[in-house]
Amino acid sequence: MLFRSLSYCAVYFRKYFPSALLCTIQFSEDFKPTEKLWNKTFYTTQNDIPLSEQIFSYMGEEGVVSCFFTAWQPSEKAFPKEHELAWKQIKMSVLKSRNVLATRSFFAKRWVKNTMKFFIALKNINILKKGSSPIIVCASGPSLKTSLSFLSKYRDRYFLIAVSSALYPLVENNIIPDLCISTDGGYWAKHHLAHALVNNTEIPIALSPESACFSKILQSSKIIPLSYGDGISESFIYDQHTPSMPAYRNGTVSGTAAQFALSATDGNVFFCGLDLAPVNGYAHTQPNELEIFNMKSDNRLHTLETRIYPSTRPSASLNIYRSWFATSNFEGRLFRLSDNYKYRNKLGAIEDVNWDFFDNNTQDSSKSKPEFYQSEYDRGIKERYIQIKKTIDLNIKKAEWIREAVPADYIVYERSLGMDSEESAAKKVQSDMQTFYKDIMRVFPKEGEI
């Protein structure tokens, strides 16, 4: 529940709604000493991050659409402009949450199918043992280009993690990562992996089960399964007794990579290519697999300039990712590294440093790099199909699976409990889950084809 009111009301709200998450939007910072009365306090006076993004970041899409918003009339009359701004921002957060839920509903089947294919093809599982050396994580923002020569120069000093979109430019410059990480479940995401990994099968991949990846790569490369600790993919990891490493679910692979890198070393983590801002020109350091594909359609009527123009404009998704990095606590261990690149933004407490800083702080050769250890996972294809089918049958009716498979419908059902609409909402969930089940089962071959 989200209220806009003075803090003395929180005590009474807590009494009548003991299980509710109570938040407030304050129009003045004069009431900061009473913040502890609320689960969360938002301020319209803090304009570095839009209020809508603050609400969404804290509550998530399910929390926002399940929230009850109400106004406090005395505040409305005393702060009319702030009141109007707050409601506009609340509307933006609700619309965004609705869109995210629609996206989740649309892609849920694909993500589960990816997970099933992951466990069908998985062969060479590895686990990473924590080290103490510095780790460099490479994203594919334009600033990465300034660091390519330095990445080569200091290659023996650090453990290198490449997010999937940065893999191609690194390999093309003879910089072979120690690890690639990918978490995107979309069709095009696997093409970032294809060119480099088909020709460099020695590069291990940290991969969430719902990520898109070609079966050939899953069968030939070292795979570190990533476990988010929740969702449908976690049921498969648990039921299949699959060795895995914990990971942080994030809207961008860079966020997951940041947390993973921090957990893999006691040392510092440096990020190259983490621009998270509009750019003039290509949004990614070249070469880029999707750019190579898209450029084939360029012509005099649909020009390169027209195609890349959106990357020059502010982006809602970039705002979300930038907000997450700017507001997260990395305990002073995460730095943004470049050759004095002029970024268009700051990332909160993340310090921007250059390669002289890196050189001066990484000369201790006694630091150990993270190491890979192979884990046994030897099952025949028929046994894999049997185990996967068993996992589906055990979980398909559980609330956690239903929430992941048909999130919007499930939220409507939860909000209708005890109301006249409960029966119809339950039937809608049941019908959609039957369709969901039939669709994902198409991954299995027909009888006699195994």
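In what follows, residues are counted from 1 in the order of the sequence shown. These numbers come from the heavy atoms of this one structure, side chains and all, not from hydrogens, waters or symmetry mates.
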Original post:
Could you walk me through whether Glu62 and Arg104 pass the salt bridge (Lys or Arg N to Asp or Glu O under 4.0 Å) check?
Top reply: CA-CA 11 Å; Glu62 293 187 20; Arg104 284 177 51 190; 3.0 Å; yes
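Ring centroid separation for the pair Phe335 and Trp355 does not come in under the 6.0 Å cut-off.
Salt bridge annotation for Lys367-Asp266: absent, with no cationic side-chain nitrogen under 4.0 angstrom from a carboxylate oxygen. In this structure, Arg322 does not pair ionically with Glu53, as no charged nitrogen and carboxylate oxygen lie closer than 4.0 Å. We find that Arg344 and Asp275 are not joined by a salt bridge, their nearest charged nitrogen and carboxylate oxygen being 4.0 Å or further apart.
Looking at residues two or more places apart in sequence or on another chain, you find no salt bridge (charged side-chain N to carboxylate O under 4.0 Å, His left out) involving Lys129.
Because its NZ or CZ atom is both nearer than 6.0 Å to the ring centre of Tyr158 and within 45° of the ring axis, Arg155 counts as a cation-pi partner of that residue. With Phe270 as the aromatic partner, Arg336 does not meet the cation-pi criteria of under 6.0 angstrom to the ring centre and within 45 degrees of the ring axis.
Side-chain contact between Tyr58 and Phe42 is present, with heavy atoms from C-beta onward closer than 4.5 Å. The shortest side-chain heavy-atom distance between Pro445 and Tyr385 falls under the 4.5 Å cut-off.
Few gaps surround NZ on Lys109; more than 12 heavy atoms of other groups in view lie less than 6.0 Å from it. Counting heavy atoms of neighbouring residues, nucleotides and ligands inside a 6.0 Å radius, atom CE of Met245 exceeds 12 of them.
Remark: the backbone N or O of Ser182 is paired with a side-chain donor or acceptor of Ser211 at under 3.5 angstrom. Formation of a donor-acceptor pair under 3.5 Å by the Arg384 side chain with backbone atoms of Leu122 is found in this model. A donor-acceptor distance shorter than 3.5 angstrom exists from the side chain of Gln89 to the backbone of Ser52, with no hydrogens or angles considered.
Taking each heavy atom of Gly273 and Ala139 in turn, the nearest pair found is O-CB, 3.4 Å.
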